[in-house]
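In each ligand, atom 1 is the first atom listed, and ligand 1 is the first ligand listed. We're numbering straight along the sequence, starting at 1.
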Amino acid sequence: MRETVRIIVTTYFTSGFGTTERELKLDDLPVRGTLPTWLRGTLIRNGPGTFQVGQQRYRHWFDGLAMLHRFAFHNGRVSYANKFLESRAYDAAQANGRISYSEFATDPCRSLFGRVATVFSPKLTDSAKVNIARIAQKYMALAETPIQVEFDPETLKSVGVFSYEPKTFGSMTTVHPHVEGDSAYNMVTRYNAISHYRFYRLKSNAAPELLAERPSREPGYLHSFGMSQNYFVLAEFPLVVNPVSLLLWLRPYIENFAWKPRRGASFSVIERRTGRLAGRFQADPFFAFHHVNAVEQGDELLVDLVGYDDASIIQHYYLQRLADPTIELPWGTLRRYRLPLRKRRGRVQGETLADACMELPRFDYERLNMRPYRYIYAVGVQPGQRQGFYNQLVKVDAASGKSWAWHEPDCFPGEGVFVGAPDRQAEDEGVVLSVVLNAAKGTSFLLALDAQTFSERARAELPHNVLFGYHGEFFSQQ
Ligand code: CO
């Protein structure tokens, strides 16, 4: 019986949550099918490169040491390189052979002296592994910890660090800044007796500009925020922390947060121009990592996100659980909350726009962020095969609820990044790029789906496995 289990586990756990052993640089990956000739540029993906340091394992999918993967597209050909992100956390792990910095759900071992040091100055990771963005002309690897790492997109080498606030201890940020023109916007949670959510604008060659702040006694765990033409949208879920426990730091970061459903959820709508509160709306408790889009339509502000009934998804991402091939992940689904801006207050209810399981949602952000849109691309779980990890890519039509899926036996796709055809007439004219793990072979490939038909256009095979990562970004070169 034990043997059977081990064989099934091998199908995705060892190659998806183990290590990517090598740093490679390959000029030409073997391509099957045809990539569009207009696809010119670079996809950079971020995620963990190892879940193990020496004999120590990290505990959660959101732990691990950052590795960047670079796919460059030119004339239908694809080159590839991968490299661990240089950081103090990585250097210390290499030098000591053990986990040396605190991650999302893993702390370094506490010795008698180490414990004291950790309580008063937690060594938060600077291994920025969650997302990639070009902010104020700089390529940044982003983490929820306040230190963001700038890297060279050609060599993947680190070239500097950035932080929103001069004091780098005591705050967290989202890894999903919004970009509009030459400005980027992000939210920082600064923990204190009274904590504050702070919204910043970043422009090149200028210090971060504080645009708005909202106080909170028990701030929530927030992974992203909404932004429409005129407003920031702060969706607060009842997964909250008493900041004192972050100061004491008796357990890893996320384990200081508690689910308090009686608080319900709320939406604060903040005017971007003035920083003033324009409305506050209550909702039944729910949880989300990802906002998708926020669109002003008449008197309403439509807030779309991938919602869950509670925050148990975080528990499901512990590696101990993911190693069990019979687990079923809670399903996130596309939800829309309509906030009546004129009323300024009141209760709102979410509407589920599609039944499909979704996570890591993407859409045509470049053209349709803050604007009416229809199509969202995401990873999901097949309705007929619910056990294990995300095993398909989906495309959802927010207008009709219709969905399309791509799946293949033994294949586990990562985030599907939409890249629009430069002269597109239809919203979904373009490709969806995803790094897919073929667990039977123990290797990964880059998949390009036609975004309209959601069928395969091409794939480029890698000679090794890429661990389950989070986010990436495509940078066009026209
Ligand atoms: Co995210």
Applying side-chain hydrogen bond (donor to acceptor under 3.5 Å, both in side chains), can you list everything that pairs with Asn465, at least two apart in sequence or on another chain? none

Sub-6.0 Å ring centroid separation between Tyr470 and Phe468: no

What residues, two or more places apart in sequence or in another chain, satisfy side-chain hydrogen bond (donor to acceptor under 3.5 Å, both in side chains) together with Arg338? Glu300

Determine the sole option in Glu154, Glu23, Glu473 for which the salt bridge (Lys or Arg N to Asp or Glu O under 4.0 Å) test with Arg70 is passed. Glu154

Could you work out, with side-chain hydrogen bond (donor to acceptor under 3.5 Å, both in side chains) as the rule, every residue matching Gln297, not counting sequence neighbours? none

At distances under 2.8 Å, what protein N, O or S atoms surround the Co ion (ligand 1)? His176 NE2, His223 NE2, His290 NE2, His471 NE2

Apply ring-ring contact (aromatic ring centres under 6.0 Å, His included) to residues His471 and His290 and explain how you reach the verdict. CA-CA 12 Å; His471 303 291; His290 294 114; 5.0 Å; yes

